[in-house]
Colleague: 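Quick one: this structure, given as structure tokens, is what I'll be asking you about.
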Amino acid sequence: MSGRYDVIIAGGGLVGGCLAVALGQTGLRVAVLEAVTPEAPVQPSYDDRTTALSPVSRRILEALDLWPDLEGEITPIREIHISEQGGFGYARLRADREGVPALGYLVPNRRFGQVLPQRLRQQPGLDYLTPARAVATRTTPGGIEVTIEDDEGRRRPLQARLAVAADGTHSALRELWDLPLQTHDYGSHAVIANLTPEEDHRGRAFERFTPDGPMALLPTTGGRCALVWSVADAELDQLLALDDAAFLVQVQRRFGYRLGRLRQVGRRGHYPLRGHRVTQPLAPRGVVIGNAAHTMHPVAGQGLNLALRDIAWLAQLLAEAERAGEDVGHPALLQRYARQRQADTRLIMGFTHLLLGSFGNRLPGLRAGRNLALKWLDVLPPARRAFMRLGMGLGAPLPALAAGCPLNREERR
């Protein structure tokens, strides 16, 4: 185990783990710090949630050779049905109508939890340190020193040219760097559960806007659907106190009978919906990516997709710098990364807020306008395709990994 690396990644979950796999194609020496061991029941990255992946994200995971290990539990999205409770309009986005295999894919987070840690433990040139967390950093001539601590309080320093904060919404490394943060409290929680409907979902995903908040039913394996329901904080305890039958009645009232009667519900979970964006994602010899840099409402299912594009661009820039014999932690390189990601991040966060603001506004007369917009989306190909390009990850320039091209591995000089 070395104490000197090219890159130290704080966070070994979905974002940090995928970045580490990408950097395995570059020849860079990497350390991954993960505060919670993958086997721990409180591991936050690999919970009961299901993650929606765009076609671009699929190509990135294919280029990282992770897709084959996920395939057994992947459910393609063949159609997306968007509607508003009590409204007359709806839109159907169909893969066959657009000439693509799928509009997206659903993967259980726990499947990532089975695949990623195993890959990290086997990857040459990588030290997977867990449990370990960053507790202090300082810049050094030509590098950065990160002090790590294990669960028994033992500390030791690690040296690198670059440190990456990929340790999630409550990033410890981001806090150590004291980076400016814009926050937004949506005033709601996401209630999640697996449901079994009477009818086969046939790969259909449903986004239903209700007076209580957005409700998504997403197709998963075994004929089940993953429920993601935004519920006001004040109503959460009352909803969670319902027994399974009463809970299903409440879901059915809002969702309707597009899949027949909802027959069964699994274990319910919930998490708070809070958004943030780091206005300056750079520190001396450091960069913040993924949920550590930007967290948004799950209504459009864009969180991990945006993070995977962060990973793909950062890995590409680091690979190019290493091949050119340049410093992978140089401020000019990190500024290039920040500029590259700015437009995509703003576009996706703006798109998410527009959806929430449009369907959350209860002013008289707006419902008719929203429903007319849904009908136009359904019948006007240019509007539909522009909308779908955003959802499929095609709204901004893409890096090599997003074309399914692995980064070239070259021998270190």
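These numbers come from the heavy atoms of this one structure, side chains and all, not from hydrogens, waters or symmetry mates. As the structure is a prediction and not an experimental result, all values here were calculated from the model.
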Colleague: To the nearest 0.5 angstrom, please state how far the CZ atom of Phe112 sits from the SG atom of Cys18.
Modeller: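 Rounded to the nearest 0.5 Å, the CZ-SG separation comes out at 6.0 Å.
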Colleague: Once rounded to the nearest 0.5 Å, what's the spacing between atom CE of Met388 and atom CZ of Arg97?
Modeller: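 Here the rounded value is 8.0 Å.
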Colleague: Can you tell if the side chain of Arg110 reaches within under 4.5 Å of the side chain of Glu73, non-hydrogen atoms only?
Modeller: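 Yes; the side chains approach each other to less than 4.5 Å.
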Colleague: For a salt bridge (Lys or Arg N to Asp or Glu O under 4.0 Å) check, start with the C-alpha distance between Arg202 and Asp200, then their side-chain angles and the critical distance, and finish with the verdict.
Modeller: CA-CA 5 Å; Arg202 303 197 309 276; Asp200 185 359; over 6 Å; no
Colleague: Please answer whether the main-chain N or O of Leu173 pairs with a side-chain N or O of Asp167 as donor and acceptor at a distance below 3.5 Å.
Modeller: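 Yes.
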Colleague: Would you say the side-chain atoms of Glu152 pair up with the backbone N or O of Arg154, donor to acceptor, closer than 3.5 Å?
Modeller: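 Between the backbone of Arg154 and the side chain of Glu152 there is no qualifying donor-acceptor contact (under 3.5 Å).
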Colleague: Flag this pair as yes if the NZ/CZ of Arg49 is under 6.0 angstrom from the six-membered ring centre of Tyr271 and inside a 45 degree cone about the axis; otherwise no.
Modeller: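 Yes; both conditions hold, so Arg49 lies above the ring face of Tyr271.
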Colleague: Measure from the side-chain N and O atoms of Glu62 to the backbone N and O of Ile60, and report whether any donor-acceptor pair falls under 3.5 Å.
Modeller: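 Pair absent, no side-chain N/O of Glu62 close to backbone of Ile60.
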Colleague: Can you name the one residue among Leu162, Thr137, Asp327 that meets side chain to side chain contact (heavy atoms under 4.5 Å, CB included) with Arg285?
Modeller: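 The option that passes is Asp327.
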Colleague: Check the pair Arg384, Asp378 against salt bridge (Lys or Arg N to Asp or Glu O under 4.0 Å), reporting the backbone distance first and the verdict last.
Modeller: CA-CA 7 Å; Arg384 186 174 65 246; Asp378 190 53; 5.9 Å; no
Colleague: Using the side chain to side chain contact (heavy atoms under 4.5 Å, CB included) rule, take Ser188 and Glu235 through it: C-alpha gap first, then chi angles, then the decisive distance, then the call.
Modeller: CA-CA 9 Å; Ser188 57; Glu235 301 171 6; over 6 Å; no
Colleague: Is a donor on one side and an acceptor on the other found under 3.5 Å between the side chain of Arg174 and the backbone of Pro180?
Modeller: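 Answer holds: no.
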Colleague: Is there a side-chain contact between Pro219 and Leu106 (heavy atoms, below 4.5 Å)?
Modeller: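 Yes, close enough: below the 4.5 Å cut-off.
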Colleague: Let me see the working for Leu93 and Ile82 under side chain to side chain contact (heavy atoms under 4.5 Å, CB included), right down to the final yes or no.
Modeller: CA-CA 8 Å; Leu93 313 178; Ile82 307 169; 4.2 Å; yes
Colleague: Would the distance check show the side chain of Arg59 and the main-chain N or O of Ala402 forming a donor-acceptor pair, the cut-off being under 3.5 Å?
Modeller: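 Checked: pair present.
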Colleague: Quick one: are the ring centres of Phe387 and Trp376 less than 6.0 Å apart?
Modeller: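 For Phe387 and Trp376, the ring centres are not under 6.0 Å apart.
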Colleague: Using a 3.5 Å distance criterion without hydrogens, assess whether the side chain of Arg370 forms a donor-acceptor pair with backbone atoms of Glu84.
Modeller: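 Checked: no pair found.
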Colleague: Apply side-chain hydrogen bond (donor to acceptor under 3.5 Å, both in side chains) to the pair Thr169 and Thr295, showing each step before the final yes or no.
Modeller: CA-CA 7 Å; Thr169 300; Thr295 301; 3.3 Å; yes
Colleague: Are His276 and Asn291 linked by a side-chain donor-acceptor pair shorter than 3.5 Å?
Modeller: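 His276 vs Asn291: no donor-acceptor pair found between side chains.
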Colleague: When you look at Asn194 and Val265, which way does the side chain to side chain contact (heavy atoms under 4.5 Å, CB included) test go after all the steps?
Modeller: CA-CA 6 Å; Asn194 286 321; Val265 59; over 6 Å; no
Colleague: Quick one: does any side-chain atom of Arg119 pair with a main-chain N or O of Leu116 as donor and acceptor, under 3.5 Å?
Modeller: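 No, Arg119 side chain to Leu116 backbone: no donor-acceptor pair under 3.5 Å.
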Colleague: Using the six-membered ring wherever Trp is involved, compare the ring planes of Tyr186 and His297 and label them parallel, tilted or perpendicular (cut-offs 30° and 60°).
Modeller: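 Ring orientation, 0 to 90° scale: perpendicular.
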Colleague: Please walk me through it: do Arg254 and Gln250 pass side-chain hydrogen bond (donor to acceptor under 3.5 Å, both in side chains)?
Modeller: CA-CA 7 Å; Arg254 291 157 178 82; Gln250 295 302 317; 2.9 Å; yes
Colleague: Rounded to the nearest 0.5 Å, how far apart are CG of Leu282 and CG of Leu334?
Modeller: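 Reported to 0.5 Å precision, the distance equals 5.5 Å.
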Colleague: Is it true that Arg204 and Glu79 have a side-chain N and a carboxylate O under 4.0 angstrom from each other?
Modeller: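 Salt bridge between Arg204 and Glu79, a charged N being under 4.0 Å from a carboxylate O: no.
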Colleague: Taking atom NE2 of His81 and atom CZ of Arg94, what is their separation to the nearest 0.5 Å?
Modeller: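 The distance works out to 11.5 Å.
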Colleague: Under the side chain to side chain contact (heavy atoms under 4.5 Å, CB included) criterion, do Leu61 and Leu53 qualify, and how do the steps go?
Modeller: CA-CA 10 Å; Leu61 293 173; Leu53 297 173; 3.7 Å; yes
Colleague: Backbone N or O of Leu28 within a donor-acceptor pair of the Thr26 side chain at under 3.5 Å?
Modeller: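 Looks like yes, one N/O pair under 3.5 Å.
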Colleague: Looking at Gln302 and Gly391, would you say the former's side chain and the latter's main chain have a donor-acceptor pair under 3.5 Å?
Modeller: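 Looks like yes, one N/O pair under 3.5 Å.
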Colleague: So, the side chain of Thr210 versus the backbone of Pro214: is there a donor-acceptor pair under 3.5 Å, distance only?
Modeller: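 No: the side chain of Thr210 does not pair with the backbone of Pro214.
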Colleague: Arg339 vs Gln342, test: side-chain hydrogen bond (donor to acceptor under 3.5 Å, both in side chains). Steps then yes/no.
Modeller: CA-CA 5 Å; Arg339 288 194 300 270; Gln342 188 176 58; over 6 Å; no
Colleague: Centre of Phe247's six-membered ring, under 6.0 Å away, within 45 degrees of the axis: is that where NZ or CZ of Arg268 sits?
Modeller: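 Cation-pi check for Arg268 and Phe247: passes.
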Colleague: Would you tell me whether Asn371 and Tyr90 have side-chain atoms, one donor and one acceptor, within less than 3.5 Å of each other?
Modeller: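 Looking only at side-chain atoms, Tyr90 and Asn371 do not form any donor-acceptor pair under 3.5 Å.
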Colleague: For the residue pair Cys225 and Leu259, what are the closest heavy atoms and their distance?
Modeller: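 Looking at all heavy atoms of both residues, the closest pair is SG-CD1, 3.8 Å.
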Colleague: Can you tell me how far the CZ atom of Arg29 sits from the CD1 atom of Ile8, to the nearest 0.5 Å?
Modeller: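 It comes to 11.5 Å.
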